[in-house]
Amino acid sequence: MVSMDKIVALCKRRGFIYPSSEIYGGIAGFWDYGPLGVELKNNIKREWWKKMIYEREDVVGLDAAIVMNPKVWEASGHVQGFIDPLVECKSCHSRFREDKIIDNICPNCGEKDRFTEPKKFNLLTEVYLGVTEPKAKVYLRGEITQGVFVNFQNIVNSSRVKIPFGIAQIGKAFRNEITPGNFTYRTIEFEQMELEYFIRPDVKEAEETFEYWRQQRIGWYKSLGIRSEFLRFKKHADDERAHYARAAYDIEYKAPFGWSEFEGIHHRGDWDLGRHKLKHKDPETGDEYTPWVIETSGGVDRAALFFLVDAYQEEEKRIVLKIHKRLAPYKVAVFPLLANKSELVDKGKKVYALLKLSFFTAWDDRGNIGKRYFAQDEIGTPFCVTIDYETLKNDTVTVRDRDSMKQERVNIDQLINYLQNKL
Ligand code: ATP
């Protein structure tokens, strides 16, 4: 399996991910997505939105604010219950989350049984608003979910949803993590993609809905190319569940640092709507009840990381990112066979201008053709189009496939069609 060092180096070298504020020494727990990283992340989010909203009839979207009235976090239980147990190693004074320590050994200095008693540590990040003192303390949202619950009534009143239905959202969340680390896996600022699916308070319906979404979500990752044997479910034991959850499963990926959660499926019951004192009146029967909620909560950053890790392959003569075509940052790259022949460059620029209207397209005229293939393989570009002397004679180009490395000659006027079919 690929080492994290190689992934981190590739991300930096090719413009996927950089340390945040790097010129000032960086800041622990924050990362910036470069020109290719932002494309990858946008593609993941677009695929998710398509699957969760556009392909369905029972889910609507939302984009709630990051800062909310702090009463939301009191009602939701986060001020009181959103806590991790913090321990400190008495030898090296490093701090860790107690539940992540294996065999009571300090992950930093290797000393055994040298930890302090666990202290409760709240994960909510505080910020202060206002122009005069005292400023008002508010929180950056610790999960995007609460924006959905506080808008439940608005959405029921302003759209035509009927239970069962879902509200989907993508957005940033913030947590004061004790030990950010493993690259973008655990950060303080991160992005979530979540569905809250509202059902009647019925045990059987809840079980079926839970199972349905469990399968939908793992199926989505597989459909975008993650190897099945690198995916598994992990059931949360009773004492592991968050304060709001009645049942919880994680989808885990077999990362270079071990099996790791990147999406949670939670049965939140009536916890949140109940705490916000919200009820639902069935428009047909007039019954009033507090709906139950099944939640799917994935991390965009963790998904991006695992899509990269899973796609990374070293072959004899190249590094290739065999990432799903729909997630690849560039869909196609265009090269003139020789960069110093103006007739090839001019023709190439025309092909580039044509393709750019339909696909996110790269232009590359550096070095020789072999180096350009190498560079495009490393960032996962599915197709490379080369303009050569034959192009000038008969208006055909070579199209090279990233995975098979096979080349085909295609007429320029067929090129968009050809690529569209393949993509
Ligand atoms: P963990 O046990 O790893 O701290 P969690 O169980 O607290 O995660 P949830 O509250 O279920 O995580 O959040 C849902 C999803 O949000 C996670 O599966 C993950 O993809 C993402 N996520 C949560 N915390 C972080 C973080 N600190 N950095 C990056 N992504 C995160």
Side-chain angles (χ1 to χ4, degrees), residues 72-87 96-105 107 113 115-124 142-146 148-149 164 166 173 175-179 185-186 190 192 194-218 221 231-255 257-276 289-299 302:
V72 171
W73 301 106
E74 280 156 30
S76 69
H78 282 78
V79 171
Q80 211 194 354
F82 197 40
I83 41 180
D84 277 341
L86 178 148
V87 291
F96 302 97
R97 240 172 87 172
E98 189 197 22
D99 57 324
K100 299 282 173 196
I101 288 173
I102 301 161
D103 290 339
N104 237 5
I105 290 176
D113 297 324
F115 292 108
T116 56
E117 283 300 303
K119 268 194 243 156
K120 285 183 178 168
F121 179 82
N122 196 293
L123 293 164
L124 285 176
E143 57 172 18
I144 62 171
T145 327
Q146 294 305 321
V148 169
F149 296 127
R175 292 183 189 174
N176 244 330
E177 294 281 356
I178 296 166
T179 38
Y185 180 77
R186 186 174 302 286
F190 56 96
Q192 294 185 306
E194 290 195 343
L195 168 76
E196 307 304 319
Y197 198 81
F198 299 93
I199 58 171
R200 281 170 284 269
D202 179 286
V203 172
K204 187 155 175 282
E205 197 176 328
E207 274 169 14
E208 284 168 6
T209 310
F210 191 85
E211 186 50 28
Y212 170 81
W213 281 111
R214 232 162 54 93
Q215 297 309 332
Q216 283 286 308
R217 293 307 305 145
I218 202 158
Y221 290 105
L231 289 171
R232 73 172 189 197
F233 282 116
K234 182 167 167 257
K235 187 175 186 206
H236 279 214
D238 288 347
D239 60 352
E240 284 175 339
R241 284 202 298 270
H243 62 274
Y244 51 74
R246 292 187 182 199
Y249 275 85
D250 292 339
I251 301 179
E252 292 189 331
Y253 181 76
K254 193 176 172 186
F257 42 86
W259 284 100
S260 311
E261 163 184 348
F262 67 128
E263 173 149 347
I265 323 292
H266 307 128
H267 174 6
R268 295 178 80 118
D270 61 359
W271 169 265
D272 302 272
L273 291 182
R275 297 282 294 210
H276 296 306
Y289 60 90
T290 307
W292 285 2
V293 176
I294 305 297
E295 166 185 82
T296 73
S297 174
R302 287 185 186 180

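Values reported hereafter were calculated over all heavy atoms of this structure, with side chains retained and with hydrogens, waters and symmetry mates removed.
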Look up atom [atom1] in [X] and atom [atom2] in [Y], then write down how far apart they are to the nearest 0.5 Å.
X      : Y      : atom1 : atom2 : answer
Thr209 : Ile199 : OG1   : CD1   : 4.5 Å
Ile265 : Thr296 : CD1   : OG1   : 5.5 Å
Arg268 : Asp272 : CZ    : CG    : 4.0 Å
Ile251 : Ser297 : CD1   : OG    : 10.5 Å
Leu86  : Ile178 : CG    : CD1   : 4.0 Å
Glu194 : Ile144 : CD    : CD1   : 4.0 Å

Partners passing side-chain contact (heavy atoms from CB on, under 4.5 Å) against [X] (at least two apart in sequence or in another chain):
X      : value
Ala75  : His276
Trp73  : Met68, Ser76, His78, Val79, Leu124, Tyr139, Arg141, Glu143, Gln146
Arg232 : Lys234, Glu252, Trp259
Lys204 : Asp202, Glu208

Partner set under ring pair (Phe, Tyr, Trp, His ring centres under 6.0 Å) for [X], not counting sequence neighbours:
X      : answer
Phe262 : Tyr221, Phe306
Phe233 : none
Tyr289 : His280
Tyr197 : Trp213

Answer whether the closest heavy-atom distance between the side chains of [X] and [Y] falls below 4.5 Å.
X      : Y      : result
Glu295 : Thr145 : yes
Tyr253 : Arg302 : no
Pro85  : Phe121 : no
Leu231 : Ile218 : yes
Ile101 : Val87  : yes
Tyr212 : Glu207 : no
Asp270 : Pro291 : no

Mind checking what makes salt bridge (Lys or Arg N to Asp or Glu O under 4.0 Å) contact with [X], not counting sequence neighbours?
X      : value
Arg186 : Glu177
Glu263 : Arg217
Glu211 : Arg214
Asp103 : none

Taking every non-hydrogen atom, the tightest pair across [X] and [Y]:
X      : Y      : answer
Trp292 : Ala206 : CE3-CB, 3.8 Å
Glu205 : Pro164 : OE2-CB, 4.4 Å
Tyr185 : Ser260 : OH-CB, 3.4 Å
Ala173 : Gln192 : CB-OE1, 3.7 Å

Over 60° means perpendicular and under 30° means parallel, so classify the ring planes of Phe198 and Phe149, tilted if in between.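 If you compare the ring of Phe149 with that of Phe198, the planes turn out perpendicular.
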Discussion item. Would you call the rings of Phe115 and Phe96 parallel, tilted or perpendicular, taking 30° and 60° as the class edges?
Written reply: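 If you compare the ring of Phe115 with that of Phe96, the planes turn out perpendicular.
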Flag yes if more than 12 heavy atoms outside Gln80 fall under 6.0 Å of its CD atom; otherwise flag no.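 Check fails, neighbour count at 12 or below.
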### Check against side-chain contact (heavy atoms from CB on, under 4.5 Å), Tyr249 and His266
CA-CA 7 Å; Tyr249 275 85; His266 307 128; over 6 Å; no
| Going through the distances and angles, do Asp250 and His236 end up as a side-chain contact (heavy atoms from CB on, under 4.5 Å)? | CA-CA 7 Å; Asp250 292 339; His236 279 214; 2.7 Å; yes
_Would Leu123 and Ile83 count as a side-chain contact (heavy atoms from CB on, under 4.5 Å) here? Give the steps._
CA-CA 6 Å; Leu123 293 164; Ile83 41 180; over 6 Å; no
